[in-house]
K.L.:
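Have a look at this one.
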Amino acid sequence: MADIRLEHIDKVYSGTAKAVDDFNLHIKDKEFIVFVGPSGCGKSTTLRMIAGLEEISGGDFVIDGKRMNDVAPKDRDIAMVFQNYALYPHMNVFDNMAFGLKLRKFPKDEIKQRVDNAARILGLEEYLERKPKALSGGQRQRVAIGRAIVRDAKVFLMDEPLSNLDAKLRVQMRKEIIQLHKRLETTTIYVTHDQTEAMTLATRIVIMKAGLIQQVGTPKEVYDHPDNMFVAGFIGSPSMNFLTGKLAEDGLFHVTGTEEKFEVPEGKMKVLRERGYTSKDLVLGIRPEDIHAELIYQDTKTAHRFPAHIEVSELMGAESYLYSKVGNQAFTARVDSRSHVEMGSDLDLFFDMTKAHFFDAATEATIR
Amino acid sequence: MLHQLTVLFKDHLSTDPTVYCTDKYTVYQLADGLRFGIENTILTPRELDLLNLLVERVVTSESDQIVTWRRRLEQPSSEEAHPFRMIHFLFEQLDVRTGEDLQQLLTSFFHPSSWIIPLTSNRLVVIEREDSVSENDLHDFFTALQSDFLMDGKVLIGQQRQSGDLAAQFRLEQAALRELPLLHIERFLPALMRLTLLSNEVRDDLIERFITPLERESRETIDAFCRANLNVSLTAKHLFLHRNSLQYRLDRLTEQTEIDIRSFEGAMFLYTLLLVA
């Protein structure tokens with residue numbers, strides 16, 4: 001059981017701007033929360049404050065109703081897996097996993113039982129006698145996670161635990177972490193800069209930028225309904241396309257610097273009108289997969305036809321990325337590989353305007 | 001601070017090691033390295049907590065051999081005839097129980113011939129005599145230790161010496177350790193470079209130790225070798241020397257300074273010192 005509350009948390013290093021600014025989050029028991037954001041956004045600092053490795057400059061950190069700000073790190077009942085996961089080189093796998101329990105003076109029988117149990121969960125039973133040097137990268141990472149799970153701590157903290165693994169292994173370990181969480185149901189806070197990891201692992205994602213929370217929501221919420229341009233651009237790969245322009249009285253979105261006009265669907269138009277965005281600078285956001293190449297879309301009323309000149313095309317296997325421009329504003333379309341064309345070709349692309357997002361050009365906030 | 005404490009504790013405070021180095025005193029170290037002891041009987045638990053928070057507590061009760069090692073480290077100079085390397089640890093927060101666990105862990109990690117010398121409540125040095133642990137192993141060890149003890153710290157891997165002044169080497173490496181950022185494991189030379197740039201006093205000491213004893217020929221060799229990007233053939237050509245003569249000079253230089261000039265770090269260290277000398 002761990003119900004975590006972070007209330008108005010600040011982190012200030014002397015003489016610098018706030019590294020974390022008014023961070024508020026309620027993490028419910030059994031949740032898998034992922035902090036995601038670019039380098040320096042404050043995600044690791046927040047995690048380290050939760051672990052007790054960094055002092056909290058302001059605000060309250062509460063676990064199960066108890067204020068933890070001044071509780072020593074080792075007494076917080078938290079287990080942490082670091083980015084540069086490492087094991088004691090002179091100990092075998094069993095001793096590596098048992099060490100944290102020995103430190104806490106657990107009886108020998110219980111230590112053995114817990115380590116054996118963790119080894120079974122992680123598929124490490126046959127490696128218990130091996131030293132870390134005789135293990136592969138993935139096995140070592142599993143032992144590092146095992147060191148955390150034997151503790152049976154209230155909370156798991158993971159600081160980019162997969163970033164030292166190669167791409168293939170990362171995908172495999174991601175799957176294992178999901179299964180592990182399903183089995184153990186321990187409240188977990190996971191830090192990453194990789195939005196794919198965030199989308200696949202999280203029950204809720206916290207997107208951060210420059211020390212501030214940008215949005216908190218389920219992967220689907222933040223993907224489908226981003227609160228601002230930063231979230232819209234950060235989540236999703238390839239990232240969302242942005243076209244700047246103005247909304248005219250006639251209900252058409254005029255793309256800056258071109259004659260191109262996109263018809264805005266009635267529902268979205270109504271919101272934009274009500275919010276007073278007619279004749280104002282706007283940003284239209286559309287995800288690459290909402291730009292189609294199939295001719296079937298030419299009869300769809302809400303799809304805007306754009307005669308594109310394909311500057312670069314990348315065949316990815318099942319799909320193809322087509323890179324083009326509206327005026328001098330670049331965009332990417334993610335189409336079925338059957339619609340793949342060579343670079344330099346001309347092709348009609350259809351923008352599904354029902355999936356379009358509109359942002360205030362000045363504040364970058366989503367217009368809802 | 002010491003003055004204020006003396007006013008507060010009067011005769012119960014002593015700065016004389018012959019007085020405070022007994023069980024009756026709790027010993028502390030100030031930031032400038034000055035040590036003092038306060039009689040245990042007059043310290044209230046509250047005062048103890050406060051002092052532990054403000055100043056580093058020094059560990060005093062160990063075996064005679066450890067006391068001897070520590071005394072050697074504290075002397076102005078202390079010649080050591082055998083090979084040694086020191087690994088310096090500094091931790092942010094360390095209570096007594098964690099300190100004991102940590103010491104056990106270090107004992108199991110380092111070669112049995114090594115000495116683990118607690119210096120203060122959060123600082124200790126390991127003196128390696130025979131087998132040295134590899135830097136990679138030390139790195140893994142330190143990271144694993146952090147995840148178990150959940151505490152910040154830093155480690156300085158000292159210079160491998162064949163013999164020499166143990167105390168002087170200790171002082172230099174401790175100074176370099178202080179300048180390291182937290183969560184870092186660094187080798188002696190890069191840490192020392194940082195210190196050289198920060199402190200004129202250290203820079204002068206280093207010049208005195210590494211550059212002054214060198215003959216003109218050796219200095220020219222360092223300069224030419226670095227300018228030729230550590231390329232032996234090219235350096236030999238520039239110095240009008242046979243390749244083997246240059247190799248001999250480089251060997252002698254390494255012997256003299258105990259710094260491997262053929263490594264990038266070693267070359268950078270000697271070259272920078274030569275430039276600022």
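All heavy atoms count here, side chains included; hydrogens, waters and symmetry mates do not. Just so it is clear, the model here is predicted, and its values are computed rather than measured. Note on naming: letters A, B, ... go to the chains in the order of the sequence lines (proteins, then strands), and numbering restarts at 1 for each one.
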K.L.:
Mark yes or no for whether B:Arg85, through its side chain, and B:Gln159, through its backbone, hold a donor-acceptor pair below 3.5 Å.
P.N.:
no
K.L.:
Could you look at B:Ser134 and say if it's the side chain, the backbone, both or neither that has a heavy atom under 4.5 Å from chain A?
P.N.:
neither
K.L.:
Taking the six-membered ring for Trp, are the ring centroids of A:Phe32 and A:Tyr190 within less than 6.0 Å of each other?
P.N.:
yes
K.L.:
Side chain, backbone, both or neither: which part of B:Leu105 has a non-hydrogen atom closer than 4.5 Å to chain A?
P.N.:
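Contact with chain A involves both backbone and side-chain atoms of B:Leu105.
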K.L.:
Would you find a donor on one side and an acceptor on the other, under 3.5 Å apart, between the side chain of B:Lys154 and the backbone of B:Leu180?
P.N.:
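Side chain of B:Lys154 to backbone of B:Leu180: a pair is present.
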K.L.:
Evaluate the salt bridge (charged side-chain N to carboxylate O under 4.0 Å, His left out) criterion for residues A:Lys133 and B:Asp140: first the C-alpha distance (whole Å), next the side-chain angles of each, then the deciding distance (0.1 Å), finally the verdict.
P.N.:
CA-CA 11 Å; A:Lys133 276 202 176 82; B:Asp140 285 352; over 6 Å; no
K.L.:
Which answer fits A:Phe82, side chain, backbone, both or neither, if we ask what part of it has an atom under 4.5 Å from a heavy atom of chain B?
P.N.:
side chain
K.L.:
Taking non-hydrogen atoms and a cut-off under 4.5 angstrom, which of residues 95-113 of chain A neighbour chain B?
P.N.:
A:Phe99, A:Gly100, A:Leu103, A:Arg104, A:Lys105
K.L.:
So does A:Lys131 get a backbone contact from the side chain of A:Asn92, meaning a donor-acceptor N/O pair under 3.5 Å?
P.N.:
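No, because the side chain of A:Asn92 does not come within donor-acceptor range (under 3.5 Å) of the backbone of A:Lys131.
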K.L.:
Examine whether an atom of A:Arg76 lies under 4.5 Å from a heavy atom of chain B, and if so say whether it belongs to the side chain, the backbone or both; otherwise answer neither.
P.N.:
neither
K.L.:
Hey, is the main chain of A:Thr187 close enough, under 3.5 Å, to the side chain of A:Glu31 for a donor-acceptor pair?
P.N.:
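No, because the side chain of A:Glu31 does not come within donor-acceptor range (under 3.5 Å) of the backbone of A:Thr187.
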K.L.:
For A:Glu55, look at atom CD and say whether over 12 heavy atoms of other residues, nucleotides or ligands are found less than 6.0 Å away.
P.N.:
no
K.L.:
Using only heavy-atom distances, determine whether the side chains of A:Arg120 and A:Asn117 contain a donor-acceptor pair under 3.5 Å.
P.N.:
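Checked: A:Arg120/A:Asn117 side chains pair up, N/O donor to acceptor below 3.5 Å.
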